[in-house]
Amino acid sequence: MRRIIVALSISLDGYFEGPGGDLSWHRVDEELHQHFNDDLRGMSAFLDGRRNYELMASYWPTADQDPAATPPEREFAGIWRDMPKFVYSRTLARADWNSTVVREVVPEEVRALKEQPGGDMALGGAELAAAFARHGLVDEWRLYVMPVVLGAGRPLFPAGARLDLDLITERRFGNGVVQLSYR
C-alpha cells in the first residue's frame, strides 16, 4: 500500500511560514535539494493544498530553463512537472501541469488512492496535512528543522492538535538543517 508522507520545513519554534508568508529563512542548499529530489523521484504523486500548488506552479514548470538554476533545481523542475498532482481546493477552477483538482478530503477516497499501485505520495501544505491528520491518513512526518527562530508566523500544527509519534530516522545536513522522521 502506498503511504502518505508529509515533508515540510519548519523553524525551531514550529512555524512553517514566517510573517506575511515569508519563506526566505529556508536553508535549501544543493545538498538538501538533492536529498529532496532523491526522496521525491520515487514517489507516485504530489498531494497539495491550493496555496502550496500555486506557489510551486509559479516557478517550477520552467525552472530548468533559468540559467541561474542549480543542477538540483533543474532536476526538480522535471520531477515536479512530470509527477501527477492532486490539488485539494474548494475554489480553484482548474490546475495545469499534470494536476487533478479535488474539492474535499474524503477519507474513503484517500484510502482508495493509497491502495492503488505505485510509490508513496508526498503531501505538501500545512492546512492539508492537518486535515489528513484529523482523519488518520498521514503515515509519516518528515520535518526539516531549519536552525532559525522566527518568533511569529503560521505554526505547522494548529492549536489543540495532538499527535503521539515515534521517531524513526534523523539526519543532519551540512547547512545545519536536521531531518526528523516520525510515524
Side-chain angles (χ1 to χ4, degrees), residues 4-37 39-40 43 45-66 68-70 72-74 76-77 79-81 83 85-105 121-134 137-138 140-161 163 173 175-182:
I4 294 176
I5 298 171
V6 173
L8 290 171
S9 297
I10 64 168
S11 65
L12 280 173
D13 50 348
Y15 296 103
F16 74 94
E17 202 175 76
D22 179 34
L23 300 176
S24 66
W25 51 274
H26 285 201
R27 293 190 181 180
V28 181
D29 61 5
E30 286 197 39
E31 176 195 20
L32 184 56
H33 207 207
Q34 189 60 56
H35 165 79
F36 291 154
N37 292 353
D39 269 4
L40 294 169
M43 301 248 179
F46 288 120
L47 309 174
D48 286 324
R50 180 191 54 79
R51 284 189 206 127
N52 196 60
Y53 168 79
E54 288 176 339
L55 176 69
M56 301 297 276
S58 71
Y59 179 69
W60 292 110
T62 59
D64 51 355
Q65 298 168 22
D66 181 350
T70 65
E73 289 172 335
R74 285 193 288 279
F76 181 75
I79 292 169
W80 187 87
R81 238 186 346 258
M83 184 86 61
K85 289 168 270 310
F86 294 89
V87 182
Y88 286 81
S89 172
R90 292 183 192 103
T91 59
L92 201 60
R94 61 187 280 282
D96 294 321
W97 309 107
N98 201 17
S99 302
T100 301
V101 175
V102 181
R103 295 291 173 212
E104 299 285 335
V105 176
M121 297 173 284
L123 190 151
E127 289 178 27
L128 186 61
F132 272 61
R134 277 193 301 277
L137 298 169
V138 175
E140 185 175 328
W141 296 84
R142 292 183 188 164
L143 305 180
Y144 293 85
V145 182
M146 304 284 155
V148 175
V149 174
L150 297 176
R154 292 181 61 204
L156 174 56
F157 298 104
L163 297 171
F173 294 90
N175 61 4
V177 172
V178 175
Q179 176 197 1
L180 302 172
S181 296
Y182 297 93

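Quick note: residue numbers are just sequence positions, from 1. Only this structure's heavy atoms are used, side chains among them; waters, hydrogens and symmetry mates stay out.
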- Task: Kindly compute the distance separating CG (Asn175) from CG (Asp29), expressed to the nearest 0.5 Å.
- Result: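 It is 4.0 Å, given to the nearest 0.5 Å.
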- Note on the structure: Those residues at least two apart in sequence (or on a different chain) that pass ring pair (Phe, Tyr, Trp, His ring centres under 6.0 Å) with Tyr182 are none
- Sequence neighbours excluded, the answer for ring pair (Phe, Tyr, Trp, His ring centres under 6.0 Å) partners of His35 is Tyr144, Phe173
- Hey, do the aromatic rings of Trp141 and Phe157 have their centres closer than 6.0 Å?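 Here the rings of Phe157 and Trp141 have centres that are less than 6.0 Å from each other.
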- Item | Leu47 vs Phe132, side-chain contact (heavy atoms from CB on, under 4.5 Å): CA-CA, chis, key distance, verdict | CA-CA 10 Å; Leu47 309 174; Phe132 272 61; 4.0 Å; yes
- Whether Arg81 side chain and Pro61 backbone form a donor-acceptor pair below 3.5 Å: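 Yes: the side chain of Arg81 pairs with the backbone of Pro61.
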- Message: Under a 3.5 Å distance rule, please check whether Asp13 uses its side chain to pair with a backbone N or O of Val149 as donor and acceptor.
- Response: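 No; judged by distance alone, with no hydrogens or angles, the pair does not exist.
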- For Glu31, which residues count as a side-chain hydrogen bond (donor to acceptor under 3.5 Å, both in side chains) partner, sequence neighbours excluded? none
- Item | Arg103: side-chain hydrogen bond (donor to acceptor under 3.5 Å, both in side chains) partners, not counting sequence neighbours | none
- Mind listing the closest non-hydrogen atom pair of Ser9 and His26 along with its distance?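 Taking Ser9 first and His26 second, the nearest heavy atoms are CB-CE1, 3.6 Å.
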- Message: Met146 vs Ser11, test: side-chain contact (heavy atoms from CB on, under 4.5 Å). Steps then yes/no.
- Response: CA-CA 5 Å; Met146 304 284 155; Ser11 65; 5.6 Å; no
- Any pair counted as salt bridge (Lys or Arg N to Asp or Glu O under 4.0 Å), so long as it reaches residues 46-61, sequence neighbours left out: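 Passing the test, one end in residues 46-61: Arg50-Glu54, Arg51-Glu127.
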- 4.5 Å side-chain heavy-atom contact, Val87 and Leu92: yes
- Can you tell if the side chain of Arg134 reaches within under 4.5 Å of the side chain of Val105, non-hydrogen atoms only?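 The answer is no, as the side chains (C-beta and beyond) never meet within the 4.5 Å cut-off.
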- So Phe76 and Trp60, would you call those rings parallel, tilted or perpendicular, with 30° and 60° as cut-offs? perpendicular
- Step-by-step side-chain contact (heavy atoms from CB on, under 4.5 Å) determination, Leu32 to Arg27: CA-CA 8 Å; Leu32 184 56; Arg27 293 190 181 180; 5.8 Å; no
- Item | Test log, rule side-chain contact (heavy atoms from CB on, under 4.5 Å), inputs Leu137 and Leu123 | CA-CA 11 Å; Leu137 298 169; Leu123 190 151; over 6 Å; no
Donor-acceptor contacts, no H, no angles, side chain residues 16-23, under 3.5 Å, sequence neighbours left out:
residue, atom, partner, partner atom, Å
Glu17, OE1, Arg154, NH1, 3.2
Asp22, OD1, Ser24, N, 2.9
Asp22, OD1, Ser24, OG, 2.7
Asp22, OD2, Ser24, OG, 3.2

- Note: Arg94-Asp96 ion pair, threshold 4.0 Å (strictly below): yes
